[in-house]
Amino acid sequence: MSKESKSSSALVMKFGGTSVGSPKAIEHIIEIARKCRQEWSRIVIVTSAMAGVTNLLVESAERAIVGDEVFISKAEIELQNKHYSIVEKLVPSSAERAQLKQEIKHLSMEFANLCRAISILGEATPRALDAVVSLGERLSVRLLAGILKSAGFPAQFVETTNIVVTDDCFQAAHPNLEETAKNVQNILIPMLMLKQIPVLTGFIGATKEGITTTLGRGGGDYSAAIIGAALPADEVWIWTDVSGVMTADPRIVEDARTIPELNYREMAELSYFGAKVLHPKAVRPVVEVGIPVRICNTFKPEDEGTRVTKNNEAAPKIKNGARGIVKAVTAIQDQRLITVEGRGMLGVPGVAARTFGAVAATGTSVPLITQASSEQSISFSVPNESAEAVLDSLHIAFATELARRDIDRVWATDEVAIITAVGNGLQHTPGVAGQIFSALGSADVNILAIAQGSSKVAISLIVTAKDTEKAIHTLHQFITG
Ligand code: ADP
Ligand code: ASP
Ligand code: MG
């Protein structure tokens, strides 16, 4: 993975929560930065909040709504101490230490003030929530830049509220790539020309009016991709706590292996269908500019990790079916499968449009849809916590059809999981689906629904929650065994 130092080579590196979560982790970052500086002429760093901090901020805002002042005070101290303890260990100069601690204190107070305001109001708008949760990255960016500076790097923190321009869809804001690219040219490029290392907040942006927004949980990867595309960088590296994208979630499958290479499509499907290692939205900006992405392990920087490129987009010709084709298995858990069914549905105009209109009205996202060819039923999965609201909305939308028995029922299963097998060429290789089903059949896993076709590189199956791990282990064994 080493790279000849070219006069203009640019690398964007993003460090996730665990990568900035402890003194040991940050020592690794210092070593990584040292090595990369020899090999790349321009480096931009994007950081997440320290591990656990965003969760703490979210919980604090929720507790503030119900007036839990004690929780807020404790969280303020926890926030401060978490960052102080890293400063104590990694910043030798007392003047620099004092300066950093002052900034941490200031932001922790901002946190407590915001939470107290929420507590007085008894409610938090999405905008207020973003103001609170953005504090994790606003803290970590100062911490990381300060430590790098103290280790001798020309690091300078930058809040991406000045760079990433978004709409006002708080909590899951959409970036305006053109406006963002202008800011990158105006702010980051001059810094890079001065040989500085900009250290940026992941996850956050701001509206045109300058109101802070966030890009959605796990959005630090997305930030790195956006910045990488805007520079444009030669590569984007995502540093995390595992050695790349693996054949299955290593928390579920102990012997999961690193996949050395993936193409953009495979990566997009994997992340969309549950491989948390990369945010699903992070693929698109880099695909458009054709920037290779590498996913690697902060704690084992010598591991090559996974390279994601446009290579192998053409389907490979492999004869032995699933074993050679399927690269990984993923799961989205805590779902329920909702079905709208009835013999009279054929005659009802716009059933699909009205179904998904009713779902959309509840603000629910639908990861998977299947439809019987006779159009007598439509099934789709929704997150467990949205299922009741979706059912209510559908019952209202189809009240007339239900009364007339054109639609017989609208119902939801118990908890299910979406299991997805991903691999380029899946759709063009005869027998793959059959092999997958018989492997699951032999393991006594009942498949409730199937979706194949929307993507050329993935097959998704719905199984009951209790069969989730068995299904993953069976398929993993099948593809790697
Ligand atoms: P970060 O904080 O660095 O962004 P995340 O927790 O968001 O890290 O993502 C890394 C985690 O993703 C890993 O620790 C792993 O548990 C999980 N994960 C789920 N599926 C996969 C997979 N297929 N390959 C690698 N990691 C996966
Ligand atoms: N800190 C944010 C989160 O925990 C963003 C990220 O880590 O990517 O969701
Ligand atoms: Mg992440």
Side-chain angles (χ1 to χ4, degrees), residues 13-22 25 28-29 46-59 79 129-130 132-141 144 160 164 171-173 200-205 213-227 237-260 262 266-267 269-282 293 295-300 303 305-306 308 326-333 417 419-423 458 468 472 475-476 479-480:
M13 293 199 279
K14 176 255 171 179
F15 293 94
T18 33
S19 301
V20 290
S22 64
H28 278 295
I29 296 184
V46 177
T47 184
S48 284
M50 285 178 71
V53 165
T54 310
N55 286 347
L56 177 67
L57 297 169
V58 170
E59 193 181 355
L79 208 55
L129 290 174
D130 274 355
V132 175
V133 297
S134 62
L135 281 159
E137 272 73 5
R138 294 179 61 207
L139 281 157
S140 64
V141 79
L144 184 58
T160 42
V164 177
Q171 302 257 273
L200 273 52
T201 47
F203 183 49
I204 69 182
T213 55
T214 63
L215 306 178
R217 292 302 306 269
D221 302 329
Y222 192 19
S223 305
I226 293 165
I227 300 293
W237 291 2
I238 304 292
W239 292 93
T240 183
D241 57 0
V242 288
S243 294
V245 183
M246 311 189 83
T247 44
D249 185 340
R251 287 169 302 186
I252 297 176
V253 178
E254 233 174 68
D255 58 348
R257 306 172 194 161
T258 297
I259 305 166
L262 286 167
E266 290 169 321
M267 188 67 245
E269 294 296 328
L270 277 169
S271 54
Y272 178 84
F273 282 111
K276 191 188 169 215
V277 65
L278 190 76
H279 192 281
K281 288 187 180 167
V293 175
I295 296 161
C296 33
N297 191 341
T298 304
F299 303 88
K300 291 185 183 168
D303 285 1
T306 300
V308 186
V326 177
K327 289 190 177 158
V329 183
T330 62
I332 305 182
Q333 304 195 44
I419 307 291
T420 304
V422 176
T468 309
I472 296 171
L475 287 184
H476 188 260
I479 62 171
T480 58

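First listed ligand is number 1; within each ligand, the first listed atom is number 1.
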[atom]: which protein heavy atom is closest, and how many Å away?
atom: atom 17 (C) of ligand 1; answer: Arg251 NH2, 3.6 Å
atom: atom 12 (O) of ligand 1; answer: Val277 N, 3.5 Å
atom: atom 1 (N) of ligand 2; answer: Glu137 OE2, 2.6 Å
atom: atom 5 (P) of ligand 1; answer: Lys276 NZ, 3.9 Å
atom: atom 4 (O) of ligand 2; answer: Arg217 NH2, 3.1 Å
atom: atom 2 (O) of ligand 1; answer: Gly17 N, 3.1 Å
atom: atom 7 (O) of ligand 2; answer: Ser48 OG, 2.9 Å

Mind checking whether [X] has an N or O less than 3.5 Å away from an N or O of ligand 2?
X: Thr54; value: yes
X: Gly220; value: yes
X: Asp221; value: no
X: Gly218; value: yes

Please report the shortest heavy-atom distance between Thr201 and Glu137, naming the atom on each side.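 Looking at all heavy atoms of both residues, the shortest contact is CG2-O, 3.4 Å.
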Non-hydrogen atoms of Ile204 and Ser223 that approach each other most closely: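 Nearest pair, atom of Ile204 first, then Ser223: N-OG, 4.4 Å.
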Have a look at ligand 2 and work out which part of His279, if any, has a heavy atom under 4.0 Å from it: side chain, backbone, both or neither.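 No part of His279 comes within reach of ligand 2.
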What atoms of ligand 1 come within less than 4.0 Å of a heavy atom belonging to [X]?
X: Val242; answer: 13 (C), 14 (O), 25 (C), 26 (N)
X: Val245; answer: 24 (N)
X: Lys14; answer: 4 (O)
X: Ala248; answer: 22 (C), 23 (N)

Could an N or O of ligand 1 be found under 3.5 Å from any N or O of [X], whether backbone or side chain?
X: Met246; answer: yes
X: Asp221; answer: no
X: Asp241; answer: yes
X: Pro250; answer: no
X: Thr18; answer: no

When you measure from the side chain of Ser22 to the backbone of Ala25, do you find a donor-acceptor pair of N or O atoms at a distance under 3.5 Å?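 It does hold such a pair.
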Would you check if [X] and [Y] make a side-chain contact, meaning some heavy-atom pair closer than 4.5 Å?
X: Phe203; Y: Thr54; answer: yes
X: Phe299; Y: His28; answer: yes
X: Leu139; Y: Met50; answer: no
X: Trp239; Y: Met13; answer: yes
X: Thr298; Y: Asp241; answer: no

Could you list the residues that satisfy side-chain hydrogen bond (donor to acceptor under 3.5 Å, both in side chains) with Asp255, not counting sequence neighbours?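 In terms of side-chain hydrogen bond (donor to acceptor under 3.5 Å, both in side chains), with neighbours along the sequence ignored, Asp255 is linked to no residue.
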To the nearest 0.5 Å, what is the distance between [atom1] ([X]) and [atom2] ([Y])?
X: Tyr222; Y: Lys281; atom1: OH; atom2: NZ; result: 5.5 Å
X: Asp221; Y: Leu278; atom1: CG; atom2: CG; result: 4.5 Å
X: Ile238; Y: His279; atom1: CD1; atom2: NE2; result: 11.5 Å

Assess, by modelled atom type and distance only, whether the side chains of Asp130 and Thr213 contain a donor and an acceptor separated by less than 3.5 Å.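 No, no side-chain donor-acceptor pair sits under 3.5 Å.
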Between Ser243 and Thr258, does any side-chain donor sit less than 3.5 Å from a side-chain acceptor?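 No, no side-chain donor-acceptor pair sits under 3.5 Å.
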With a 4.0 Å cut-off on heavy atoms, is Gly136 touching ligand 2?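 Not so, Gly136 does not reach ligand 2.
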Judged by non-hydrogen atoms, does Gly244 sit under 4.0 Å from ligand 1?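 Right, Gly244 reaches ligand 1.
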With a cutoff of 4.0 Å, is Ser19 in contact with ligand 1, counting heavy atoms of the residue only?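 Under 4.0 Å: no for Ser19.
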Who's closest to atom 3 (O) of ligand 1 heavy-atom-wise, of Thr330, Thr240, Thr247?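 The residue whose heavy atom sits nearest atom 3 (O) of ligand 1 is Thr240.
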Proximal candidate to atom 20 (N) of ligand 1 [heavy atom criterion; set Val329, Val253, Asp249, Leu270]: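 Heavy atom nearest to atom 20 (N) of ligand 1 belongs to Asp249.
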Indicate every side-chain donor-acceptor pair of residues 245-252 with a distance under 3.5 Å to a residue at least two apart or in another chain.
{"from": "Thr247", "atom 1": "OG1", "to": "Arg257", "atom 2": "N", "distance (Å)": "2.8"}
{"from": "Thr247", "atom 1": "OG1", "to": "Arg257", "atom 2": "O", "distance (Å)": "3.4"}
{"from": "Thr247", "atom 1": "OG1", "to": "His476", "atom 2": "NE2", "distance (Å)": "2.6"}
{"from": "Asp249", "atom 1": "OD1", "to": "Arg251", "atom 2": "N", "distance (Å)": "2.9"}
{"from": "Asp249", "atom 1": "OD1", "to": "Arg251", "atom 2": "NE", "distance (Å)": "3.2"}
{"from": "Asp249", "atom 1": "OD2", "to": "Arg251", "atom 2": "NE", "distance (Å)": "3.3"}
{"from": "Asp249", "atom 1": "OD2", "to": "Arg251", "atom 2": "NH2", "distance (Å)": "2.7"}

